[in-house]
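Take a look at the structure below.
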Amino acid sequence: MGKTMEGWDSMEEWTPATIQAFRRALLTWYDHEGRDLPWRRDHDPYHVWVSEVMLQQTQVQTVIPYYQNFMAIFPTVAALAAAPEPDLLKAWQGLGYYSRARNLQRAAQQIVTDYHGQWPRTAAGLADLIGVGPYTAGAIASIAFGEVVPAVDGNAFRVFARLLMIDDDIAKPRTRQRFENIIQPIVDPERPGAFNQAIMDLGSSYMTAKNSDPAHSPVRDFDASYQANRVADFPVKTKAPRPKLMPYYGLIIHSPAGYLMVQRGEQEMLSGYWTFPLVLQADLREDEAEVAPTVTTDITEMTRRWQKDIQLDLDLQPLGGRPVSQTYTHQRWQVKLLTANLQTISDLQFYPGQWVAPGDITDLPLPKVQEKMLQRLQDQNPFEELEWK
DNA sequence: AAAACGTGGAC
DNA sequence: TGTCCAAGTTT
């Protein structure tokens with residue numbers, strides 16, 4: 001195979017014979033060792049599409065139960081297009097990157113109405129669907145429709161960066177096109193879908209980011225970085241900045257009608273999901289003793305959200321325990337919990353939030369940070385509530 | 001081009 | 001507890 005010669009620097013191109021041998025080694029391995037996954041039971045574009053969107057930035061083992069539940073509830077594109085949004089968000093709860101769910105439904109509606117139920121059969125056409133980028137378009141086109149195109153995800157970046165010792169920074173947008181150009185002639189024209197999936201299986205087994213095992217890889221003989229003993233040098237990827245600290249108060253406001261909950265707005269993170277009211281600490285005036293903040297009408301964040309100039313006059317008390325923390329890709333929330341117990345709700349009826357009975361809270365779509373706040377509330381039990389679901 | 005966007009697992 | 005990573009897309 002000729003790649004054991006010394007000094008194989010990056011960017012040396014594979015000969016047609018090398019490409020042929022690589023495909024054979026890869027696909028022979030894949031046919032025997034490829035994973036049996038729920039979305040690989042057929043090549044239905046709906047199945048491929050939903051699984052690929054769920055798999056964006058998400059590990060396989062996380063996706064499996066979500067995929068199975070999703071298909072039970074929304075078995076067809078038409079069912080997804082017609083689904084009530086709360087059902088959709090509930091089915092996606094815990095998966096993260098929630099705009100994926102809404103984009104998925106918008107694309108389903110595109111297919112039903114604009115395309116009359118007929119799928120675009122090429123990557124270029126599929127990329128017109130909202131939420132379908134270059135990777136997902138390539139994956140659906142190759143797996144469901146047999147188009148000979150690469151599907152360049154994190155695995156493909158890593159695998160080919162190592163195989164060919166490509167030192168372009170894969171964090172940079174411009175690098176994608178370069179990888180697509182390099183991979184395109186290597187994709188097996190007979191089995192493009194299997195080829196792309198085999199690369200991904202390789203990237204999640206022998207050629208993982210950490211603790212890789214290139215010595216036993218089925219394509220070891222094609223692995224330039226392994227031959228050069230430089231596996232750890234690839235891929236090149238600049239690291240992300242640290243998440244910014246966001247100190248919040250979480251307001252747990254209890255009344256005879258239940259707990260005050262608000263739905264996150266269109267422009268906000270976690271959009272469409274429900275939480276206790278959250279107020280940036282900078283927007284809430286601390287009192288001298290620093291026991292609990294005094295809530296006044298100058299709570300800018302809250303008045304913006306509720307669009308009311310409300311004299312809240314709540315008697316807020318801190319809830320015991322450390323702040324609830326939740327780390328996102330770009331933010332680190334630390335939420336101090338404060339409670340208030342109202343004897344009557346007459347003053348608060350016009351709040352744009354909703355009073356939710358304790359037993360009904362978990363019926364709403366909730367983000368992880370809300371589940372943590374709820375858990376803390378139940379642990380502390382300040383209102384001696386007996387009706388938790 | 002760079003930043004925003006969730007969560008869970010591995011170490 | 002902290003850091004990095006995982007089948008990316010949108011703005």
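Naming convention: chains lettered A, B, ... in sequence-line order (proteins, then strands); numbering from 1 in each chain.
Considering CG of A:L366 and CE of A:M261, their distance stands at 5.5 Å, rounded to 0.5 Å.
Between the CD atom of A:Q334 and the P atom of C:dT1 there is a distance of 11 Å, rounded to whole Å.
Nearest-nucleotide assignment on DNA chain B puts the 5′-proximal partner with A:M269, out of A:M269 and A:Q61. Comparing A:E371 and A:R174 by the nucleotide of DNA chain B whose heavy atom lies nearest to each, the residue mapping closer to the 5' end is A:R174.
Across all strands shown, A:N211 has heavy atoms under 4.0 Å from sugar-phosphate atoms exclusively, and none from any base.
Rounded to whole Å, the P atom of C:dA6 lies 22 Å from the corresponding atom of B:dC5. Comparing the P positions of B:dA2 and C:dA7 gives a spacing of 24 Å, expressed to the nearest Å. B:dG6 sits 13 Å from C:dT11 when the P atoms are compared, rounded to a whole Å.
Every side chain to side chain contact (heavy atoms under 4.5 Å, CB included) that A:N341 has, sequence neighbours left out, goes to A:H254, A:Q343, A:F383. The side chain to side chain contact (heavy atoms under 4.5 Å, CB included) check on A:L245 picks up A:R332, A:Q334, with sequence neighbours excluded. Partners of A:Y273 under the ring pair (Phe, Tyr, Trp, His ring centres under 6.0 Å) rule, at least two apart in sequence or in another chain, are A:Y98. A search for ring pair (Phe, Tyr, Trp, His ring centres under 6.0 Å) contacts involving A:F179 returns A:F157, not counting sequence neighbours. Here A:Y328 pairs with A:W333 under the ring pair (Phe, Tyr, Trp, His ring centres under 6.0 Å) rule; sequence neighbours left out.
From the 5' end on, the contacts that DNA chain B makes with chain A at under 4.0 Å to a non-hydrogen atom open and close at B:dA1 to B:dC11.
When hydrophobic residues (I, L, V, M, F, W, Y) are linked wherever their side-chain heavy atoms come within less than 4.5 Å, the members clustered with A:Y135 are A:M200.
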Give the B/S/- string for nucleotides 6-11 of chain C, one per nucleotide from 5' to 3', where a protein heavy atom under 4.0 Å of the base yields B, of only the sugar-phosphate yields S, and otherwise -. BBBSS-
Would you tabulate the side-chain donor-acceptor contacts of residues 59-74 of chain A under 3.5 Å, counting partners in other chains and residues two or more places apart, or write 'none'?
{"from": "A:Y66", "atom 1": "OH", "to": "A:Q93", "atom 2": "O", "distance (Å)": "2.7"}

